[in-house]
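A short worksheet on the structure shown next.
In what follows, residues are counted from 1 in the order of the sequence shown.
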Amino acid sequence: MPQLLRWVLVPLMRAWSAAVTRDYDDIPRPRDTPQAHSPGTDSDRVLLFGSGPAVGWGVLSHNVALPGSLARALSSRTGRGTDVDVIPNPLVTIRTSQAELDGLGLWRYDAVVVSLGTTDAVTLLSALVWQRELSALLDRIRHESSLSTRIFVLGMQPIRSIAAFDSGLGSVAEKHARSLDEASAAICAGQERRCFVPMAATLASTPGRVRTAAQYVQWANLLADKMAPPLDAEYLAAARGTSRGTAEGRAEAWGAKPLSPGPRRAVARLGILAADTEVHCDHIVALARSAYGTRSAALTLIDGDRLWDLVSVGCTPRVYSLAGSITALAVSGAGAFVISDMLLDDRFTARPPRLGQEQTRFYAGFPIEADSGERIGVLCVFDSEPRGAAEVDPVLLREFALLIQADLGRRQE
């Protein structure tokens with residue numbers, strides 16, 4: 001678009017955008033917990049943030065919006081579980097986007113999906129400003145995430161497919177959106193950890209609402225087709241021991257203290273270690289014990305270099321050292337930590353852990369995370385009788401752990 005024409009149109013487009021967005025208060029959008037997951041082992045962690053499709057206009061739950069649709073689409077391609085956290089903000093622009101990342105702990109995600117640009121396109125933001133701000137945003141994500149985190153930039157939805165923008169001015173915005181998308185694709189081109197994912201140009205307008213569940217499924221499939229191959233590659237690399245969370249890392253944790261004070265601060269924020277604190281997730285621990293048919297189950301939290309059995313079923317709750325505990329191993333991994341028979345495991349013959357009055361032989365644990373990403377403890381089931389590996393369902397253990405995380409998260413609301 002010629003620069004002079006853009007300058008003439010900018011005031012008009014901004015006024016039009018403001019008038020349209022005032023009517024968005026009446027449009028349904030999700031109000032539930034901004035998370036979604038699909039069952040499976042070795043789950044991939046995904047952060048979705050921004051505006052547009054990330055907000056979930058037109059539906060009432062993130063489970064049927066893009067987060068849930070993406071979790072299911074990815075799992076169907078990878079065969080693993082998927083956890084999606086979403087930071088939705090309908091007012092965010094490329095200029096304000098970095099503030100959305102403050103305090104998120106990007107290192108814990110396998111993939112970050114960026115969904116931005118509709119407002120910037122409608123208000124005719126300069127392509128040069130878009131390039132500068134998007135480059136800065138992607139650089140920050142790269143610096144604050146892990147070496148294996150992949151970044152996916154979602155192209156802008158066709159502007160006129162949004163009923164409120166389906167007009168002549170919408171055609172101007174849509175043309176500008178294509179130029180911003182071209183800039184985004186150029187920024188991602190040739191970058192190993194970045195990928196631009198264009199939207200479908202045939203997306204139909206939906207009169208009376210912004211989006212439907214079927215359209216979120218369509219977007220999720222577009223994303224999953226691009227995301228699954230690199231996530232699979234990173235998963236295989238981790239299995240070969242070249243990424244964090246491997247057996248070597250767990251072995252280091254066997255006699256180690258927490259790597260940082262983060263877990264202790266996260267537990268302190270929950271305020272659940274006081275003797276008079278009412279705990280609401282004890283029924284989940286009891287259900288886990290019943291589901292696995294074990295004599296004992298526990299929810300154990302980290303407090304500095306100590307461990308607290310916040311909830312215990314079938315054993316006496318206690319406080320004990322993190323160093324040398326099986327919890328130190330279980331909390332250091334991202335997935336289920338299962339030992340069929342400790343007597344046959346070389347790691348435990350010299351210094352067998354003491355989890356109860358009887359010698360523990362079977363153990364299965366899944367790490368518990370705070371909302372801020374720190375691993376703060378473990379949900380575990382254990383028994384004095386060994387179990388065959390085929391008898392253990394790690395997917396079910398993960399589901400119980402996620403229920404506990406949700407319960408603990410509600411304490412901070």
What is the minimum heavy-atom distance between [X] and [Y], and which atoms define it?
X: D32; Y: S61; answer: OD2-OG, 2.8 Å
X: S115; Y: P53; answer: OG-CD, 3.3 Å
X: V331; Y: G377; answer: CG2-O, 3.6 Å
X: V55; Y: G50; answer: CG2-O, 4.1 Å
X: P386; Y: F362; answer: CA-CB, 4.2 Å
X: P367; Y: R375; answer: CB-CD, 4.1 Å

Under 3.5 Å: donor-acceptor pair, side chain of [X], backbone of [Y]:
X: Y292; Y: D393; value: yes
X: R29; Y: G58; value: no
X: N221; Y: A73; value: no
X: S145; Y: L106; value: no
X: S184; Y: L180; value: yes
X: S97; Y: I94; value: yes
X: S75; Y: A71; value: yes
X: Y235; Y: D44; value: no
X: S135; Y: Q131; value: yes
X: S332; Y: L329; value: yes

Stepwise, does the side-chain contact (heavy atoms from CB on, under 4.5 Å) test hold for I284 with L299? CA-CA 10 Å; I284 304 174; L299 169 60; over 6 Å; no

Evaluate the side-chain proximity of [Y] to [X]: yes if any heavy-atom separation is below 4.5 Å, no if none is.
X: P90; Y: W57; value: yes
X: I302; Y: E374; value: no
X: D110; Y: V46; value: no
X: M199; Y: S161; value: no
X: S325; Y: L307; value: yes
X: E174; Y: M156; value: no
X: R194; Y: V153; value: no
X: V114; Y: F49; value: yes

Partner set under salt bridge (Lys or Arg N to Asp or Glu O under 4.0 Å) for R398, not counting sequence neighbours: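 In terms of salt bridge (Lys or Arg N to Asp or Glu O under 4.0 Å), with neighbours along the sequence ignored, R398 is linked to D83.
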
Salt bridge (Lys or Arg N to Asp or Glu O under 4.0 Å) partners of R140, counting only residues at least two apart: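 For R140 the salt bridge (Lys or Arg N to Asp or Glu O under 4.0 Å) partners, ignoring immediate neighbours, are D102, E144.
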
Out of R45, R80, R150, which residue meets the salt bridge (charged side-chain N to carboxylate O under 4.0 Å, His left out) rule with E234?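 Single pass found, and it is R150.
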
[X] and [Y]: side-chain donor and acceptor closer than 3.5 Å?
X: Q157; Y: R211; answer: yes
X: R193; Y: T149; answer: no
X: Y109; Y: D85; answer: yes

Going by salt bridge (charged side-chain N to carboxylate O under 4.0 Å, His left out), name the pairs with one or both residues in residues 120-135, residues two or more places apart or in two chains.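 Qualifying pairs: none.
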
Over 12 foreign heavy atoms within 6.0 Å of CZ, R142: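 Yes - once you tally the heavy atoms of other residues, nucleotides and ligands closer than 6.0 Å, there are more than 12.
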
Mind checking the [atom1]-[atom2] spacing from [X] to [Y]? Nearest 0.5 Å is all I need.
X: Q191; Y: F196; atom1: CD; atom2: CZ; value: 15.0 Å
X: L310; Y: C281; atom1: CG; atom2: SG; value: 6.0 Å
X: M13; Y: L125; atom1: CE; atom2: CG; value: 12.0 Å
X: I151; Y: I141; atom1: CD1; atom2: CD1; value: 5.0 Å
X: L301; Y: L379; atom1: CG; atom2: CG; value: 10.5 Å
X: L47; Y: E100; atom1: CG; atom2: CD; value: 10.5 Å

I'd like to know whether V378 forms a side-chain contact (heavy atoms from CB on, under 4.5 Å) with Y363, so could you lay out the CA-CA distance, the side-chain angles of the two residues, the decisive distance to 0.1 Å, and finally the verdict. CA-CA 12 Å; V378 171; Y363 176 94; 3.5 Å; yes

Describe, in one word, how the ring planes of F165 and W16 are oriented to each other, choosing from parallel (under 30°), tilted (30 to 60°) and perpendicular (over 60°).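 If you compare the ring of F165 with that of W16, the planes turn out perpendicular.
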
Yes or no on salt bridge (charged side-chain N to carboxylate O under 4.0 Å, His left out) for R289 and D383, after CA distance, side-chain angles and deciding distance? CA-CA 10 Å; R289 177 200 183 196; D383 207 318; over 6 Å; no

For Q405, check side chain to side chain donor-acceptor pair (under 3.5 Å) against everything at least two apart and list the hits.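 Once residues adjacent in sequence are excluded, Q405 has no partner under the side chain to side chain donor-acceptor pair (under 3.5 Å) criterion.
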
Suppose we screen for side chain to side chain donor-acceptor pair (under 3.5 Å). Which residues come up paired with D225, at least two apart in sequence or across chains?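 For D225, the residues satisfying side chain to side chain donor-acceptor pair (under 3.5 Å) (neighbours in sequence not counted) are R77.
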
Could you give me the CA-CA distance, side-chain angles and deciding distance for L70 and T82, then say whether side-chain contact (heavy atoms from CB on, under 4.5 Å) is met? CA-CA 9 Å; L70 180 58; T82 306; 5.9 Å; no

Step by step, work out the side-chain contact (heavy atoms from CB on, under 4.5 Å) result for L402 and F366. CA-CA 9 Å; L402 291 174; F366 201 97; 5.9 Å; no

Check each of T96, T93, L137, N89 against L116 using the side-chain contact (heavy atoms from CB on, under 4.5 Å) test, and report the only one that passes.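 By the side-chain contact (heavy atoms from CB on, under 4.5 Å) criterion, L116 pairs with just one of T96, T93, L137, N89: L137.
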
Contacts under 3.5 angstrom, residues 334-341 side chains, donor-acceptor by atom type, not counting sequence neighbours:
| residue | atom | partner | partner atom | Å |
| --- | --- | --- | --- | --- |
| S340 | OG | R387 | O | 3.3 |
| D341 | OD1 | L343 | N | 3.0 |
| D341 | OD1 | R361 | NE | 3.0 |
| D341 | OD1 | R361 | NH2 | 3.3 |
| D341 | OD2 | R361 | NH2 | 2.5 |

